[in-house]
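The analysis underlying the following values was restricted to heavy atoms, covering all of them including side chains, and did not include hydrogens, waters or symmetry mates. Counting starts at 1 for both ligands and their atoms, in listed order.
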Amino acid sequence: MCGIVGYTGSKQAAPILLEGLARLEYRGYDSAGIAINDGDKINVVKAMGRLAVLCEKSNGGAAAPGCIGIGHTRWATHGKPSDANSHPHVSENGRIAIVHNGIIENYASLKEMLVNRGRVFKSETDTEVAAQLIDYYYNGNILEAVSRAVRELEGSYALGVVCADEPNTIVGVKSHAPLIVAYSDDGNFFASDVMAVISHTKTVTYLEDDEIAVVRNDGIKFYTPFLDEIKKEKCIVDWDISAADKCGYEHYMYKEIMEQPDAVRRTIEPYISDGRVDLSAVLDRDYVKKLNRIFIAACGSSYHVGVIAKYNIEKLARVPVEVVLASEFRYCDPIVDQNTLVICISQSGETADTLEAQREAKRLGAATLAIVNVEGSSIAKSADKVIYTKAGPEIAVATTKAYSTQLAVTVLIALYTAECCEAIPDSEYDKILSELLSVPEKMLKILDDKANIQYLAYQHFNNEDLFFIGRNIDYALSLEGSLKLKEISYIHSEAYAAGELKHGTISLVVDDTLVIAVASYGRLVEKTLSNALEVKARGAHVMGITTESLKQKVGAVTDEIITIPDTHEVLLPSLAVLPLQLFAYYVALYRGCDIDKPRNLAKSVTVE
Ligand code: M6R
């Protein structure tokens, strides 16, 4: 939700900010803007629409001279996308300019106070209130003004602030929204995440809530809310620019689909040695033995990973698992005690709903484990223990490689828990682990055979309504297949437990309705095929997704078929998700959709 970046140094700021914004655009793309201090005054250029509009308006930054500035790319919350509502926002007198990621919840009462003191506002945003408030407290020292103003802000914010009277200084401050600062030989930065600065430097510092950073050419200083100076560590980021680039691919989503075999291998390897899964660093064996329940809280695709994990953990370890949408967890009065483990799954590590669920779990006394892709993110930092997925930066809004790595981690958890609870025979354990290790290779095979999936996408890209059906893990996977398709191709689709369709929804099936039957789970394939026949009898066109060994059986019922290699049932979704991702990708491609940046969405959802 919104990306912010700032730079001060020896180079012209605007082109550097535009490049940073291009790397942050996945966080929101309703509008973009920059504010540059030219040494005398602050000049703002901003424009509704994609960053390209701003680039054109500012002539690639050339039209905005000055070596210090801030930039913003927006996912609209308060006020529709428009030039006026775009950031940066400026105080009425033009002295203060700010960029903001988050939501200032008490903006209305602050605005009323400022209006009563004669301040005039130009936008509908909560951010303009913060700009005016900082200016209201400005008394010749921007650091003091920011520290004073933020004490009155409620909600979430990462702010970057420049002041016309202090042309060498940017102030950054955060509360419940991510903010880093970064160091290079040519100048220093602040940003929502590392992505924005990775082409300049890998040396960064992560800010904690309520800390304030003063970024200048010659260094960065840190302060507590009451302006005591503090020292903070520098970290070196362990990935490079190629991880954040398209590397010749047309879309990030496609690149990220292709990266899945490596991402899964990188993620699982550190936890497997001598033919055993060892998670003892994050989950104490004695604690696991005493577990009475596991909750999994997550959103969107990460939630779908949780649904599959429930089936697998319960099947292998016989520990009850409840999967709850993170946005509901706080309000469902969860029954939690010290023998309950709450697992929060998040690619970004910044999803506000998931972060709040984790906080609630801790408040209720549960142990928390986070499965997170972004190091140093809020969810990672606030969890008791973390398992990092090693997917690398995921830039396409539609998740693919993060989903696959999360799923692989949940299989590790299922195996480890099953072993700790003595619920799994050795032979079964060995079989699953060896199949898990061969997932990357089998994924490669599916990716190599993608021509059939592309062909089927071409046959069906004009459909406006379709259904995914499946049972058990095939149903759980259908949820993801449906979301992926909706999200990037704007086709309406629903995922149904195959047996449930006949209880109402089958009335929507008419001649040529496309139904995708995920039928990989051998134990229930006959049942799913019966449901496929029911929809066929009502005119549906059925596409099956199944394994090599079930191909004949499934193909005898379906009109067309996609196959995946055979594997242990626990791992079927890890393979079957690939055709679903590719199908969604190609359908969106043929429909001419903006695949990496679907409408109305943002990659990191930092509002509740
Ligand atoms: O960063 P998170 O994993 O917490 O994000 C959760 C969802 O917003 C995310 O999975 C979303 O559903 C994806 N865009 C789907 O592709």
Side-chain angles (χ1 to χ4, degrees), residues 1 3 26-29 75 176-178 192-193 195 251-254 256-257 260 263 267 296-309 323-329 343-359 370-383 386-389 391-407 409-410 476-491 493 495 577-578 580-585 588 593-608:
M1 305 270 103
Y26 73 95
R27 299 179 71 92
Y29 31 84
W75 188 83
H176 302 299
S192 296
D193 68 40
M195 201 80 76
H251 297 103
Y252 280 111
M253 182 180 176
Y254 189 78
E256 288 160 6
I257 289 173
Q260 291 180 102
T267 299
I296 299 179
C299 305
S301 296
S302 298
Y303 169 81
H304 296 158
V305 169
V307 182
I308 295 174
V323 196
V324 189
L325 289 165
S327 53
E328 292 293 315
F329 184 83
I343 302 177
C344 287
I345 307 178
S346 175
Q347 185 285 130
S348 61
E350 299 296 345
T351 302
D353 290 322
T354 311
L355 181 59
E356 289 308 324
Q358 186 169 271
R359 288 197 174 119
I371 301 173
V372 173
N373 195 41
V374 178
E375 290 199 26
S377 57
S378 305
I379 293 172
K381 282 196 290 195
S382 85
V386 188
I387 297 178
Y388 282 109
T389 48
E394 192 181 63
I395 295 164
V397 165
T399 183
T400 52
K401 60 177 179 171
Y403 175 94
S404 287
T405 53
Q406 291 166 349
L407 201 52
V409 169
T410 65
L477 183 63
S478 296
L479 295 169
E480 177 62 5
S482 174
L483 176 62
K484 211 87 302 173
L485 188 72
K486 278 187 272 222
E487 188 178 19
I488 60 169
S489 73
Y490 315 142
I491 293 177
S493 79
V577 72
L578 268 59
L580 295 176
Q581 295 167 345
L582 284 164
F583 183 76
Y585 172 81
C593 297
D594 190 346
I595 293 179
D596 287 336
K597 298 187 193 106
R599 71 180 174 221
N600 302 340
L601 292 173
K603 180 79 180 159
S604 165
V605 186
T606 54
V607 294
E608 279 184 73

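Between E350 and S192, the closest side-chain pair of non-hydrogen atoms is not below 4.5 Å.
Ordered by chain and residue number, the residues placing a heavy atom less than 4.0 Å from ligand 1 are C299, G300, S301, S302, S346, Q347, S348, T351, V397, A398, T399, L483, K484, E487.
Listed for the K603 side chain is a donor-acceptor partner under 3.5 Å among the backbone atoms of A396. Checking side-chain atoms of E394 against main-chain N and O of T400 turns up a donor-acceptor pair under 3.5 Å.
Closest approach of A263 and A391 over heavy atoms only: CB-CA, 3.9 Å.
Between H251 and Y585, the ring-plane angle classifies as perpendicular under the 30° and 60° cut-offs.
For the side-chain contact (heavy atoms from CB on, under 4.5 Å) test with N373, the passing option among T389, I345, T399 is T389; the others fail.
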